[in-house]
K.L.:
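Before anything else, here's the structure in question.
Each residue takes its place number in the sequence, starting with 1.
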Amino acid sequence: MTKTIRYTLLSLRDLFASAGPFVFLSIVLLVLAYWWLDPNPPKRVTLATGPAQSAYEEFGKRYAKALAADGIEVVQVPSDGSAANLQLLREGKVDLGFVQGGTSDYSDTDGEKLSSLGSLFVEPVWLFYREEAARKVSSKDKLRAAVNGGPSLSGLTDLSGLRINMGTPGSGIPSLMGKLLESNRIDPATLHISELGQTPAVVAFLGGEIDAIVFASAPESLMVQMLLQTPGVKLMNFAQSEAYSRRFAFLSPVRLPRGVVDLARNVPPEDVRLVAPTTALITRNTTHPALLQLFAQAGNQIHGGAGWFKRAREYPNIENNELPIAKEAERAIKNDTPLMQRYLSFWVANLVERMWLVMGIIIAILLPLSRIIPPLYAFRVRSRIFRWYGQLRNIEVRIETEDNADLLRELDQLESRAEKITVPLSYTDELYALRSNIHLVRKKLLRTETPAAQAA
């Protein structure tokens with residue numbers, strides 16, 4: 001090993017030794033900050049969706065695909081629907097879930113434990129009925145049938161005596177329909193109500209076992225798409241949709257435009273007015289903030305396009321929410337993708353974004369402390385030299401009282417050790433100063449006689 005490399009390695013060793021406590025303190029502070037902030041989210045999250053072939057299930061698949069790109073596994077938890085999702089959230093069995101407005105009454109406890117990621121889309125109340133059933137009702141009122149251009153149901157009051165499926169209690173539709181029936185002063189006892197799940201209810205409906213079926217769902221639902229184009233099946237027109245929206249804050253009047261389902265076949269043949277609650281993505285407040293940010297960003301992509309009942313970028317929004325909006329969701333809805341996430345992976349960008357403030361504080365604390373490193377480095381190197389001055393001084397003091405031969409031997413040993421001292425090149429002047437002082441003491445010893453020699 002050449003002397004240059006040796007001196008370089010020696011300087012680095014002294015520098016590392018001097019900066020060691022500072023580096024150790026920095027690492028400890030960073031570890032504590034990481035533990036406290038917990039910046040990286042878990043790689044697995046549960047999402048309560050809905051029944052098979054529902055719009056909730058379809059949207060759940062889209063969210064799972066979107067978050068899979070960032071290494072997050074979204075586990076979809078099937079349920080009976082909106083009310084069941086809210087119950088799963090309350091019990092802490094899922095992290096997020098789709099919840100329809102108006103299907104449940106939120107308590108003060110819910111406001112403390114749950115938050116909303118914004119309104120995602122409207123879910124019209126689809127009330128499909130068979131023409132045969134409408135024909136029975138219209139036969140009682142031939143004048144109205146003639147005015148309507150054929151057998152049809154013009155309002156909820158026409159459902160009296162019909163067999164109608166309102167879905168399972170977990171879907172939230174029974175609660176919603178209960179409010180609508182009550183507002184029309186309809187006694188549920190006058191209806192033959194069943195509570196089948198969506199798929200078996202549709203099978204029974206198409207088989208003639210049920211006269212009408214009602215559910216609230218986004219138009220992306222496969223069931224909605226199929227029933228809208230099934231011969232002999234009609235969709236009830238809520239002519240009083242504006243009045244319903246004034247009576248119930250969670251309802252909005254929407255319109256299904258003529259021909260929007262199939263332009264060539266002109267389905268539907270005329271505009272259909274509907275009422276629609278808004279569906280939000282609800283989360284527990286214990287869910288990691290980074291996950292909320294990812295879900296909100298995915299929601300912008302999934303629900304931001306134009307649709308049957310919305311304009312482009314109309315949803316997601318922070319309007320008509322029954323729970324507080326999570327800060328991450330509000331930021332994602334109002335702003336574009338964060339700058340760092342455009343150029344870095346999610347994990348790196350998220351780590352920097354959530355740690356930068358704490359890192360700034362740590363730097364502000366450590367920067368003044370770092371000023372002690374140069375003096376500490378200098379002290380470490382010089383102490384390797386200065387510690388021999390004490391022995392040299394001791395030898396000089398004993399010149400007048402002790403035998404010179406013994407002192408010379410000690411001085412020789414001291415000089416031998418000094419010759420083995422290695423220091424960085426920038427400190428060699430102090431090493432040569434030590435050796436020069438040793439030489440001066442040696443000269444003094446040689447000039448001075450001991451008391452014993454004088455007596456002889």
K.L.:
Judged by atom type as modelled, is there a donor-acceptor pair below 3.5 Å linking the side chain of Asp262 to the main-chain atoms of Ala264?
P.N.:
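Side chain of Asp262 to backbone of Ala264: a pair is present.
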
K.L.:
Report the C-alpha separation of Ile213 and Met223 in whole Å, then their side-chain angles, then the decisive distance to 0.1 Å, and conclude whether the side-chain contact (heavy atoms from CB on, under 4.5 Å) test is met.
P.N.:
CA-CA 11 Å; Ile213 181 173; Met223 295 298 185; over 6 Å; no

K.L.:
If you measure from CZ on Arg273 to CZ on Arg255, what distance do you get to the nearest 0.5 Å?
P.N.:
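Arg273 atom CZ to Arg255 atom CZ measures 10.0 Å (nearest 0.5 Å).
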
K.L.:
Would you check if the side chain of Trp126 reaches a backbone N or O of Ser217 as a donor-acceptor pair within less than 3.5 Å?
P.N.:
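Yes, Trp126 side chain to Ser217 backbone: donor-acceptor pair under 3.5 Å.
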
K.L.:
Run Leu292 and Thr283 through side-chain contact (heavy atoms from CB on, under 4.5 Å) and show every step you take.
P.N.:
CA-CA 8 Å; Leu292 302 185; Thr283 179; 3.4 Å; yes

K.L.:
Would you check if the side chain of Asn184 reaches a backbone N or O of Leu156 as a donor-acceptor pair within less than 3.5 Å?
P.N.:
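Here the side-chain-to-backbone pair does not exist.
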
K.L.:
Does Gln301 CD have over 12 foreign heavy atoms under 6.0 Å away?
P.N.:
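Counting neighbours around CD of Gln301, 12 or fewer heavy atoms of other residues, nucleotides or ligands fall under 6.0 Å, so no.
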
K.L.:
Heavy-atom count check: over 12 atoms from other residues, nucleotides or ligands less than 6.0 Å from Lys310 NZ?
P.N.:
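Atom NZ in Lys310 is crowded, with more than 12 foreign heavy atoms closer than 6.0 Å.
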
K.L.:
Phe205 versus Val233: any side-chain heavy-atom pair under 4.5 Å?
P.N.:
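Yes, at least one pair of side-chain atoms sits under 4.5 Å.
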
K.L.:
I'd like to know if the side chain of Ser79 and the backbone of Gly81 have a donor-acceptor N/O pair within less than 3.5 Å.
P.N.:
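It does hold such a pair.
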
K.L.:
Go through Val99 and Thr279 one step at a time and tell me if the side-chain contact (heavy atoms from CB on, under 4.5 Å) criterion holds.
P.N.:
CA-CA 6 Å; Val99 178; Thr279 292; over 6 Å; no

K.L.:
Quick check: does any side chain N or O of Asp70 sit under 3.5 Å from a backbone N or O of Ile72, one acting as donor and the other as acceptor?
P.N.:
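Here the side-chain-to-backbone pair does not exist.
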
K.L.:
If I take atom CD from residue Glu195 and atom CG from residue Asp80, how far apart are they, to the nearest 0.5 angstrom?
P.N.:
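Taking CD in Glu195 and CG in Asp80, the distance rounds to 10.5 Å.
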
K.L.:
Considering only heavy atoms from C-beta outward, does the side chain of Leu47 approach that of Val75 to under 4.5 Å?
P.N.:
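No, every pair of side-chain atoms sits at 4.5 Å or beyond.
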
K.L.:
Report yes if some heavy atom in the side chain of Phe128 is under 4.5 Å from a heavy atom in the side chain of Asn165; otherwise report no.
P.N.:
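They are not in contact (no side-chain heavy atoms under 4.5 Å apart), so the answer is no.
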
K.L.:
Yes or no on side chain to side chain donor-acceptor pair (under 3.5 Å) for Gln76 and Thr49, after CA distance, side-chain angles and deciding distance?
P.N.:
CA-CA 6 Å; Gln76 300 179 66; Thr49 53; 4.6 Å; no

K.L.:
Flag the pair Phe121 / Phe309 as yes when their ring centroid distance falls below 6.0 Å, and as no otherwise.
P.N.:
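Ring-ring flag for Phe121/Phe309: false, centres at least 6.0 Å apart.
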
K.L.:
Any idea which heavy atoms bring Ala133 and Leu162 closest together, and the distance?
P.N.:
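It is CB-CD2, 4.3 Å.
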
K.L.:
Can you name the closest pair of heavy atoms from Leu191 and Leu159 and give their distance?
P.N.:
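That would be CD2-O, 3.0 Å.
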
K.L.:
Taking all atoms of both residues into account, what is the closest heavy-atom pair of Ala296 and Ala329, and its distance?
P.N.:
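It is CB-CA, 3.8 Å.
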
K.L.:
For the pair Ser194 (side chain) and Leu196 (backbone), establish whether a donor and an acceptor sit closer than 3.5 Å, ignoring hydrogens and angles.
P.N.:
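Absent.
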
K.L.:
Nearest 0.5 Å, what's the CD1-OG distance between Ile186 and Ser160?
P.N.:
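Between Ile186 CD1 and Ser160 OG, I get 7.5 Å after rounding to 0.5 Å.
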
K.L.:
Tell me, do Val272 and Met236 make a side-chain contact under 4.5 Å, heavy atoms counted?
P.N.:
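Heavy-atom side-chain distance check fails, nothing below 4.5 Å.
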
K.L.:
Kindly say whether the aromatic ring centers of Tyr315 and His303 come within a distance under 6.0 Å.
P.N.:
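No; His303 has its ring centre 6.0 Å or more from that of Tyr315.
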
K.L.:
Is there a side-chain contact (heavy atoms from CB on, under 4.5 Å) between Gln297 and Leu67? Walk through the geometry before answering.
P.N.:
CA-CA 10 Å; Gln297 291 173 356; Leu67 269 70; over 6 Å; no

K.L.:
For Arg258 and Asp271: C-alpha separation, side-chain torsions, deciding distance, then whether salt bridge (charged side-chain N to carboxylate O under 4.0 Å, His left out) applies.
P.N.:
CA-CA 5 Å; Arg258 172 183 175 181; Asp271 289 356; over 6 Å; no

K.L.:
Got Ser241 and Leu274 here, is their nearest side-chain heavy-atom distance under 4.5 Å?
P.N.:
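Side chain of Ser241 against side chain of Leu274, heavy atoms only: no contact under 4.5 Å found.
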
K.L.:
For Asn285 and Glu112, indicate whether the former's side chain and the latter's backbone hold a donor-acceptor pair under 3.5 Å.
P.N.:
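Between the backbone of Glu112 and the side chain of Asn285 there is a qualifying donor-acceptor contact (under 3.5 Å).
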
K.L.:
So how far is it from Glu322 CD to Leu114 CG, rounded to the nearest 0.5 Å?
P.N.:
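Glu322 CD to Leu114 CG: 12.0 Å, rounded to 0.5 Å.
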
K.L.:
What's the separation between atom NZ in Lys179 and atom CZ in Arg247, rounded to the nearest 0.5 Å?
P.N.:
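Between Lys179 NZ and Arg247 CZ, I get 13.0 Å after rounding to 0.5 Å.
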
K.L.:
Write down the atom of Ala276, the atom of Val254, and the distance for their closest heavy-atom approach.
P.N.:
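The pair with the smallest heavy-atom distance is CB-CG2, 3.9 Å.
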
K.L.:
Using modelled atom types and a 3.5 Å cut-off, is there a donor and acceptor pairing between side-chain atoms of Ser183 and backbone atoms of Leu180?
P.N.:
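Checking the backbone N and O of Leu180 against the side chain of Ser183, a donor-acceptor pair under 3.5 Å is found.
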
K.L.:
Which atom pair, heavy atoms only, marks the closest approach of Pro253 to Glu242?
P.N.:
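Closest approach of Pro253 to Glu242, heavy atoms only: CG-OE2, 3.7 Å.
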
K.L.:
Quick test of your reading of the model: are Arg163 and Asp211 salt-bridged, counting only N-O distances below 4.0 Å?
P.N.:
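Here Arg163 pairs with Asp211 in a salt bridge, since their nearest N and O are under 4.0 Å apart.
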
K.L.:
Would you mind reporting whether Val74 and Lys61 have side-chain heavy atoms less than 4.5 Å apart?
P.N.:
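Lys61 does not reach Val74 side chain to side chain.
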
K.L.:
Are side-chain heavy atoms of Gln100 and Val122 found at a separation under 4.5 Å?
P.N.:
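Side chain of Gln100 against side chain of Val122, heavy atoms only: no contact under 4.5 Å found.
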
K.L.:
Do the ring planes of Phe250 and Phe248 sit parallel (below 30°), tilted (30 to 60°) or perpendicular (above 60°)?
P.N.:
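Ring orientation of Phe250 relative to Phe248: tilted.
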
K.L.:
Is the shortest distance from a Lys or Arg side-chain nitrogen in Asp95 or Arg284 to a carboxylate oxygen in the other one below 4.0 Å?
P.N.:
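Looking at Asp95 and Arg284, the cut-off is not met.
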
K.L.:
Rounded to the nearest 0.5 Å, what's the gap from OG1 on Thr46 to CG on Leu88? Could you check?
P.N.:
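These two atoms lie 9.0 Å from each other.
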
K.L.:
Under a 3.5 Å distance rule, please check whether Ser221 uses its side chain to pair with a backbone N or O of Ala218 as donor and acceptor.
P.N.:
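Flag not set: sc Ser221 to bb Ala218 has no pair under 3.5 Å.
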
K.L.:
Start with the C-alpha distance between Ser82 and Tyr56, add both sets of side-chain angles, then the distance that settles side chain to side chain donor-acceptor pair (under 3.5 Å), and finish with yes or no.
P.N.:
CA-CA 9 Å; Ser82 175; Tyr56 288 175; 4.6 Å; no

K.L.:
Around atom CD of Glu182, are there more than 12 heavy atoms of other residues, nucleotides or ligands at under 6.0 Å?
P.N.:
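Count not over threshold, so no.
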
K.L.:
For residues Leu323 and Ser116, report the shortest heavy-atom separation together with the two atoms involved.
P.N.:
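Shortest heavy-atom contact: O-CB, 4.1 Å.
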
K.L.:
Got Leu153 and Asn237 here, is their nearest side-chain heavy-atom distance under 4.5 Å?
P.N.:
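Counting from C-beta outward, Leu153 and Asn237 never come under 4.5 Å.
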
K.L.:
Is the backbone N or O of Arg311 less than 3.5 Å from a side-chain atom of Glu314, with the two atoms forming a donor-acceptor pair by type?
P.N.:
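Yes, Glu314 side chain to Arg311 backbone: donor-acceptor pair under 3.5 Å.
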
